[in-house]
Amino acid sequence: GLFVIVAFVGILINSCGDDTVVTPTTVPAGTISGTITFVDTTRQYTDGYYDVSVYASWPPSGPPSGSDTLTLTKNGNVYTGTYQISGLAAGSYVTTCAWIKTPYAPGSVYLLGVRGCDTNRSPSCWGNPAKDSLPSDRGLNDINFKSWIDTTNKIFQF
């Protein structure tokens, strides 16, 4: 009997502790979002912008299915950029990071990172990267990957 009373008191004390409810971050249907972490620090400041784009077909044969301009944040010696691309149809997408030189012309897109390959320069990887599957009833969050920030480290230029 004493064991049951002690166990009951222990359970009661434990259940009165600080309960922390973790609510997962969700994004609306038709949305892909995440964070890009840059592995180097020599960034561009003028004559263009950092962009994240998603493509339904790969390699791209036209404009992306959606894109977002990155605003970079520096914490210590690490740059990151968060993105959110909305208005996408259900399907599979390749997510990329690039520096786009302006004014836009052929050769002004510097591919710096590809989700699933990150900074891998191997054509066997970025030529056929993994795709994220976007369902019709919800968005995808935490589609995170690493990228170069320095355009001299580009994976490909087009």
Side-chain angles (χ1 to χ4, degrees), residues 19-158:
D19 292 335
T20 303
V21 177
V22 177
T23 305
T25 305
T26 58
V27 294
T31 302
I32 296 176
S33 68
T35 300
I36 298 172
T37 302
F38 294 92
V39 298
D40 54 350
T41 58
T42 308
R43 68 172 281 196
Q44 300 292 324
Y45 288 93
T46 60
D47 300 326
Y49 59 96
Y50 288 94
D51 172 86
V52 61
S53 294
V54 294
Y55 295 89
S57 64
W58 192 262
S61 58
S65 301
S67 64
D68 190 17
T69 300
L70 289 172
T71 300
L72 303 183
T73 304
K74 187 175 184 183
N75 187 3
N77 207 27
V78 177
Y79 284 100
T80 59
T82 58
Y83 69 92
Q84 183 167 316
I85 302 170
S86 303
L88 300 170
S92 295
Y93 293 94
V94 173
T95 307
T96 66
C97 178
W99 167 258
I100 300 179
K101 186 175 181 179
T102 55
Y104 179 80
S108 65
V109 176
Y110 297 77
L111 182 65
L112 302 173
V114 179
R115 175 162 159 82
C117 297
D118 294 325
T119 57
N120 186 341
R121 289 190 182 95
S122 168
S124 64
C125 185
W126 62 263
N128 188 25
K131 292 185 175 185
D132 293 299
S133 183
L134 179 65
S136 61
D137 62 339
R138 64 181 175 84
L140 295 177
N141 194 27
D142 295 326
I143 303 302
N144 308 325
F145 61 103
K146 294 179 180 175
S147 176
W148 298 109
I149 199 169
D150 184 349
T151 57
T152 62
N153 290 327
K154 67 185 176 291
I155 295 171
F156 192 73
Q157 185 174 355
F158 52 96

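Of the candidates Leu134, Val94, Leu88, Leu88 is the only one forming a side-chain contact (heavy atoms from CB on, under 4.5 Å) with Ser65. For the side-chain contact (heavy atoms from CB on, under 4.5 Å) with Arg43, the qualifying choice from Trp148, Phe38, Trp99, Tyr50 is Tyr50, the only one to do so.
Rounding to the nearest 0.5 Å places NZ of Lys74 at 12.0 Å from OG1 of Thr80. A distance of 8.5 Å separates OG1 in Thr151 from CD in Gln157, rounded to the nearest 0.5 Å. In this structure, OG1 on Thr152 lies 8.5 Å from CD on Gln44, to the nearest 0.5 angstrom. Within the model, atoms OG1 of Thr37 and OH of Tyr79 stand 14.0 Å from one another, a figure rounded to the nearest 0.5 Å. Rounding to the nearest 0.5 Å gives a distance of 8.5 Å between CG of Asp118 and OG of Ser147. Of the inter-residue distances, the one linking Leu112 atom CG with Lys146 atom NZ reads 15.5 Å to the nearest 0.5 angstrom.
The two residues Pro135 and Ala90 make their nearest non-hydrogen contact at C-CB, 3.9 Å. Across every non-hydrogen atom of Ser136 and Ala29, the tightest pair is O-CB, 3.7 Å. Closest heavy-atom contact between Tyr83 and Ile143: OH-O, 2.6 Å. Annotation for Thr102 and Gly48: closest pair OG1-N, 3.5 Å, computed over non-hydrogen atoms.
Judged purely by distance below 3.5 Å, without hydrogens or angles, the side chains of Thr42 and Asp40 never pair a donor atom with an acceptor atom. No hydrogens or angles considered: nothing links the side chains of Ser33 and Thr31 as a donor-acceptor pair under 3.5 Å.
Using a distance-only test at 3.5 Å, with no hydrogens or angles considered, a donor-acceptor pair links the side chain of Asp68 to the main chain of Gln84. Formation of a donor-acceptor pair under 3.5 Å by the Lys131 side chain with backbone atoms of Gly91 is not found in this model. Remark: side-chain polar atoms of Arg115 are paired, donor with acceptor, to backbone N or O of Asn144 under 3.5 angstrom.
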